[in-house]
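Data block below; observations after.
Remember, it's 1-based here, ligands and their atoms both numbered in the order they're listed. All figures in this text were calculated on a predicted structure; none of them were measured in a lab.
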Amino acid sequence: MNNFTLHTPTKILFGKGQVAQLRAQLPHDARILITYGGGSVVRSGLLAQIRSELAGMTLFEFGGIEPNPTYETLMGAVELARAERVDFLLAVGGGSVLDGTKFIAAAAHYDPARDPWHILETVGNEVRSAIPLGAVLTLPATGSEMNMGAVVTRRSTGDKVHFFSPFVMPRFAVLDPVLTYTLPARQVANGVVDAFVHILEQYLTYPVNAKVQDRFAEGLLLTLLEEGPKALVEPENYEVRANIMWSATLALNGLIGAGVPQDWATHMLGHEITALHGLDHAQTLAVVLPALLQAKRQQKHAKLLQYAERVWDLRSGSEAERIDGAIAATRDFFERMGIKTRLRDYGVADAGIDTLLGKLAEHGMTAIGEHGDIDLVQSQHIYEAAW
Ligand code: NZQ
Ligand code: ZN
């Protein structure tokens, strides 16, 4: 096992009715900006409920944060936060609202002489403070509620890039599985597949004898395999939703990634596909991952065999057959969740591989994966195989 430092200070308020705890989490004299997305929280009544929970406090609101939140939209909230001297942010929504709010938090405190896009250009390394934030999560998927990452898109240039900063780690997150009942099937599937791939990015690398992390990861994978399809047919099954929600948080809160090598190439290749073609984040992962696993099957040989045996119960046949079986089963799982696994399935006329590779180069993604051995030539092969 490799050395690690793990610090996950987010307070989790999990379960039915936990929105009622919100007021107690917020400083009583705070100037709070509530951020939300395109209106799901208005339609579900959640926003109204939060307003009433926080009645009497100083509240501002900023709605309209879109999926794959954009710098262009978020800068409106940064101006509002600065003008109103907001000192707490409350993100209400999915990963996009949470990520967008992390950007607002860091940008509002950033050197006013600099364009806050600089935060993305420097991957968050120059963030020195941020407005504290909390979250009410409505879509289990990204793990953003308990991590320090955020992904922001700049529409004008077609960039979708991430930053990290401990200053934007949520202080608290309310996780009420009931809030996920209203999710459309597509977003349920997106969430399950995104969380599944987060686990694989930290698990399917090479062995370092990290038994605890491996077995936690396998437990989370098996839970998502069991519960994911059920959520599509029984949207109001609380136990199913609860298990998915907690799995998605634990998939990317640092726990299973501590002390092990990590890949993340599927995500990096996927972000460029969203930026160019507009596919949902999880759709890009479902397209890229099977192609990447085939391309890297030698480097990932030992862990692919472990994955085949412990997650898919594939114990007979040659090693190559078991690995093929595990990759095929993974693809089949995504398809059963309703997510297509070929780029051409998404009505994209041309993969635009040259543009994708150009953006990878621009973003410094020329030596990625757990060995840093996925260069632009390999990425090209993976994109071609994903078509
Ligand atoms: O905008 P509203 O109206 O709220 O609707 C949203 C949106 O259209 C809807 N939705 C959310 N909760 C709902 C609901 N509809 C009905 N009922 C509910 N309870 O779902 C749609 C998608 O929401 P979005 O927040 O975009 O989805 P997700 O949570 O999958 O977030 C995706 C974003 O997170 C980034 C992705 O790149 C993408 O930009 N990621 C963030 C990560 C992180 N911070 O660690 C890691 C991930 O790998 C990922 O890259
Ligand atoms: Zn993801």
Side-chain angles (χ1 to χ4, degrees), residues 10 35-47 62-71 73-74 91-103 124 133 135-154 159-165 168-170 173-202 231 235-236 241 244-245 248-249 251-254 257 262-275 278-286 288-289 339:
T10 304
T35 53
Y36 60 95
S40 71
V41 301
V42 176
R43 290 188 294 279
S44 68
L46 176 60
L47 187 62
F62 185 88
I65 298 177
E66 61 279 78
N68 309 306
T70 67
Y71 162 82
T73 298
L74 298 170
V92 185
S96 293
V97 173
L98 270 62
D99 282 11
T101 305
K102 289 175 175 179
F103 175 78
L133 63 112
V136 179
L137 184 70
T138 63
L139 199 177
T142 62
S144 188
E145 64 278 9
M146 201 176 177
N147 70 35
M148 59 178 187
V151 190
V152 180
T153 297
R154 187 161 66 168
D159 291 308
K160 181 176 182 183
V161 281
H162 61 272
F163 79 95
F164 299 107
S165 170
V168 300
M169 183 83 109
V174 173
L175 307 185
D176 180 347
V178 174
L179 299 178
T180 70
Y181 289 178
T182 53
L183 280 168
R186 168 170 156 188
Q187 299 303 343
V188 174
N190 278 347
V192 169
V193 168
D194 190 23
F196 197 86
V197 178
H198 292 161
I199 302 162
L200 293 185
E201 297 271 28
Q202 301 162 88
E236 303 206 357
R241 296 296 200 167
I244 291 176
M245 197 165 210
T249 300
L252 196 48
N253 75 339
Q262 303 194 13
D263 182 341
W264 297 106
T266 296
H267 270 70
M268 297 307 112
L269 268 62
H271 287 171
E272 304 303 351
I273 297 178
T274 296
L279 270 67
D280 293 348
H281 171 62
Q283 294 171 339
T284 71
L285 306 178
V288 173
L289 182 79
I339 302 202

Asp99 vs Ser144, test: side-chain hydrogen bond (donor to acceptor under 3.5 Å, both in side chains). Steps then yes/no.
CA-CA 7 Å; Asp99 282 11; Ser144 188; 2.6 Å; yes
Check step by step if side-chain contact (heavy atoms from CB on, under 4.5 Å) holds for His271 and Val161.
CA-CA 7 Å; His271 287 171; Val161 281; over 6 Å; no
Test side-chain contact (heavy atoms from CB on, under 4.5 Å) on His198 and Trp264 and set out the steps.
CA-CA 8 Å; His198 292 161; Trp264 297 106; 3.8 Å; yes
Before giving the answer on side-chain hydrogen bond (donor to acceptor under 3.5 Å, both in side chains), spell out for Glu145 and Thr10 the whole-Å C-alpha distance, their side-chain angles and the decisive distance to 0.1 Å.
CA-CA 8 Å; Glu145 64 278 9; Thr10 304; over 6 Å; no
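Here the protein heavy atom with the shortest distance to atom 30 (O) of ligand 1 is Ala141 CB, 3.9 Å. The closest protein non-hydrogen atom to atom 49 (C) of ligand 1 is His281 NE2, 3.3 Å. The protein heavy atom nearest to atom 29 (O) of ligand 1 is Gly95 N, 2.7 Å. Nearest to atom 46 (C) of ligand 1 among the protein's heavy atoms is Thr142 O, 3.8 Å. In this structure, the protein non-hydrogen atom closest to atom 12 (N) of ligand 1 is Thr138 OG1, 2.8 Å. Considering only non-hydrogen protein atoms, atom 39 (O) of ligand 1 sits nearest to Asn68 OD1, 3.1 Å. Nearest protein heavy-atom neighbour of atom 33 (C) of ligand 1: Ser96 OG, 3.4 Å. What sits closest to atom 1 (O) of ligand 1 on the protein, heavy atoms only, is Gly38 N, 2.7 Å.
Between Tyr71 and Phe103, the angle of the ring planes goes over 60°, which puts this pair in the perpendicular group of the 30/60° scheme.
Taking CG from Leu279 and CD1 from Ile273, the interatomic distance works out to 7.0 Å, rounded to the nearest 0.5 Å. Taking OG1 from Thr138 and CG from Leu175, the interatomic distance works out to 11.0 Å, rounded to the nearest 0.5 Å.
Ligand 1 places these atoms under 4.0 Å from at least one heavy atom of Ser144: 44 (N). Atoms of ligand 1 lying under 4.0 Å from any heavy atom of His267, numbered from 1 in the order shown and given with element: 48 (O). Atoms of ligand 1 lying under 4.0 Å from any heavy atom of Leu179, numbered from 1 in the order shown and given with element: 19 (N). Close contacts between ligand 1 and Lys160 involve ligand atoms 36 (C), 37 (O), 38 (C), 39 (O) [criterion: under 4.0 Å to a heavy atom]. Close approach of ligand 1 to Asp99 is summarised as follows: ligand atoms under 4.0 Å from at least one heavy atom of the residue are 34 (O), 35 (C), 40 (N), 41 (C), 42 (C), 43 (C), 44 (N). Applying the 4.0 Å criterion to heavy atoms of Gly37 picks out, from ligand 1, the atoms 1 (O). Atom numbering of ligand 1 starts at 1 in the shown order; those under 4.0 Å from a heavy atom of Ser40 are 2 (P), 3 (O), 4 (O), 5 (O), 10 (N), 13 (C), 14 (C), 15 (N), 16 (C). Close contacts between ligand 1 and Pro67 involve ligand atoms 7 (C), 8 (O), 26 (O) [criterion: under 4.0 Å to a heavy atom].
Counting heavy atoms under 4.0 Å from ligand 1, residue His198 touches it through the side chain alone. Neither the backbone nor the side chain of His162 has any atom closer than 4.0 Å to an atom of ligand 1 (non-hydrogen atoms only). No part of Thr153 comes within 4.0 Å of ligand 1, judged by heavy-atom distances. The part of Pro184 lying near ligand 1 is the side chain, judged by heavy-atom distances below 4.0 Å.
If you look at His281 and ask which of its N, O or S atoms sits nearest the Zn ion (ligand 2), the answer is NE2. Checked against the Zn ion (ligand 2), the N, O or S atom of Asp194 at the shortest distance is OD1.
For the pair Val92 and Val97, the minimum side-chain heavy-atom distance is 4.5 Å or more. Using a 4.5 Å cut-off on side-chain heavy atoms (C-beta onward), His281 and Val193 make no contact. Counting heavy atoms from C-beta on, the side chains of Val168 and Phe163 come closer than 4.5 Å.
Listed for the Asn147 side chain is a donor-acceptor partner under 3.5 Å among the backbone atoms of Leu252. Within the 3.5 Å criterion, the main-chain N or O of Thr180 finds no donor-acceptor partner in the side chain of Gln187. The closest donor-acceptor contact from the side chain of Asp280 to the backbone of Ala282 lies at 3.5 Å or more, if one exists at all.
In terms of polar-atom proximity, Gly39 is counted as a contact of ligand 1, with an N or O under 3.5 Å from an N or O of the ligand. Of the N or O atoms in Lys102, none lie within a sub-3.5 Å distance of an N or O in ligand 1. Close N/O approach between Gly149 and ligand 1 is found [any backbone or side-chain N/O within under 3.5 Å].
Side chains of Ser44 and Thr182: a donor-acceptor N/O pair is absent below 3.5 angstrom, by distance only.
Residue nearest to atom 45 (O) of ligand 1, selected from Val168, Val178, Asn147, Leu139: Asn147 (by heavy-atom distance). Counting heavy atoms only, Thr182 comes closest to atom 17 (N) of ligand 1 of the residues Thr182, Val151, Thr70, Ile65.
Remark: Glu66 pairs with Arg155 by the salt bridge (charged side-chain N to carboxylate O under 4.0 Å, His left out) rule, at least two apart or across chains. With sequence neighbours excluded, the residues satisfying side chain to side chain contact (heavy atoms under 4.5 Å, CB included) with Val178 are Lys16, Asp176, Tyr181, Tyr238.
Between the NE2 atom of His267 and the NE2 atom of His198, the angle taken at the Zn ion (ligand 2) works out to 90° after rounding to 10°.
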